[in-house]
Amino acid sequence: MKVVTPENKTIIDYINSIKLNPTDVIFISSDIGNLAMLSKAKGEALDVNAIIDCFQEKVHEGTIIVPAYTDHLLDGETFDWKKSKPTTGAFSNKVQRRKDFTRTKDPLHSVFVWGKDSDKLAKIEDESTFGKNSIFTYLRDTNAKFIFIDIHIQACFTYIHYIEEQKKVNYRKSYFYNIRCELPEGAVDKKVKFYSKKLGVMSDIIDLHAILEKDEIYKSYTYGNIQIDILEAKTVWDYAVNCIENGPKLYRYSIIKHAKDLVKRYLLRRKGIF
């Protein structure tokens, strides 16, 4: 389903055109660069807080989740629950400055949470960042709606890696990192399991995206050159599992990347990091 918002409407009108239920759990991934440029072209400044407020009004009995990932951390490094900057873009950085969201404590895949299940999610803990007690299981169990603001799923769909761990795919393996966690209750050293790509493997869900489009699984909203897509967690689970079991593949292998990965790992070990 595709809904087109007239360009004479505001960005908030665009967000308001999205059909959501008051009790929905939504997970927002975003690239707001084009939204900022569109606002500038209209002689306005992009108000990210107004967009967040709008989503809060739409799911006022539900839960909003925004990624706050720091999955670039390596063995021996530190995750500061309060200060560590997310690598997930400007939208996440804006949420970090707000007082009404709380951050979960996973050192690699923390999220900012607002709403009904905030307290519940603040307490979740699993040795594996993609484990059965992780945020990703919650997303599946609640059939969360993934909202992609002007960003392709190939660039940001971490939920797929959770599915890959649960299905024990052979192109990923468990790595264990020791991460120093600076948390509200104090500092703790945590051993974290990261079910990550083997050497030479690259995630590739372009074929999955094409299947989802062909089967009209997406709900899409367009505004000028901006597009918002919505997918439901349980539907994605079913399609991704089918790909894992029957194809097409959710990854590619490159001998060139394998060689680069080997060099990178060697250099990190020389520095005592990996």
Query raised in the report: Considering residues at least two apart in sequence or located in another chain, which fulfil the salt bridge (Lys or Arg N to Asp or Glu O under 4.0 Å) criterion with D53?
Result: R98

Requested in this report: Indicate whether the side chain of E164 and that of Y171 have a donor and an acceptor atom separated by less than 3.5 Å.
Outcome: yes

Query raised in the report: Looking at F101 versus F112, is the centre-to-centre ring distance below 6.0 Å?
Result: no

Requested in this report: Applying side chain to side chain contact (heavy atoms under 4.5 Å, CB included), name anything that partners H152, two or more places apart in sequence or on another chain.
Outcome: Q154, I206, H209

Query - Test side-chain hydrogen bond (donor to acceptor under 3.5 Å, both in side chains) applied to H109 and T88, T129, T104, the passing residue - result: T129

Requested in this report: Output yes when a side-chain donor or acceptor of R140 lies under 3.5 Å from a complementary backbone atom of W237, and no otherwise.
Outcome: no

Requested in this report: Report yes if some heavy atom in the side chain of I124 is under 4.5 Å from a heavy atom in the side chain of Y138; otherwise report no.
Outcome: no

Query raised in the report: More than 12 heavy atoms of other residues, nucleotides or ligands under 6.0 Å from NZ of K83: is that the case?
Result: no

Query raised in the report: Rounded to the nearest 0.5 Å, what separation is found between the CD1 atom of I51 and the CG atom of L46?
Result: 4.5 Å

Query raised in the report: Do the side chain of K198 and the main chain of N170 share a donor and acceptor less than 3.5 angstrom apart?
Result: yes

Query raised in the report: Around D119, counting heavy atoms of other residues, nucleotides and ligands shown, do more than 12 lie under 6.0 Å from its CG?
Result: no

Query raised in the report: To the nearest 0.5 Å, how far apart are NZ in K120 and NZ in K123?
Result: 11.0 Å

Query - Heavy-atom side-chain contact between V111 and L121 under 4.5 Å - result: no

**Report entry** Set of residues satisfying salt bridge (Lys or Arg N to Asp or Glu O under 4.0 Å) with respect to K260, sequence neighbours excluded
**Finding:** none

Query raised in the report: Quick one: are the ring centres of Y162 and Y195 less than 6.0 Å apart?
Result: no

Query raised in the report: Closest approach of T70 and P86, non-hydrogen atoms and distance?
Result: CG2-CA, 4.5 Å

Query raised in the report: Side chains of L108 and Y177: does their closest heavy-atom pair fall under 4.5 Å?
Result: yes

Requested in this report: Verify the ring-centre separation between F157 and F146: is it less than 6.0 angstrom?
Outcome: yes

**Report entry** Presence of salt bridge, K234 and D238, under 4.0 angstrom
**Finding:** no

Query raised in the report: Can you name the closest pair of heavy atoms from Q227 and S220 and give their distance?
Result: NE2-OG, 3.6 Å

Query raised in the report: Are there more than 12 heavy atoms of other residues, nucleotides or ligands under 6.0 Å from atom CD1 of I255?
Result: yes

Query raised in the report: Quick check: does any side chain N or O of N178 sit under 3.5 Å from a backbone N or O of D75, one acting as donor and the other as acceptor?
Result: no

Report summary line: Nearest heavy-atom contact between N143 and A233 is OD1-N, 3.4 Å

**Report entry** Minimum side-chain heavy-atom gap Y218-I153 below 4.5 Å
**Finding:** yes

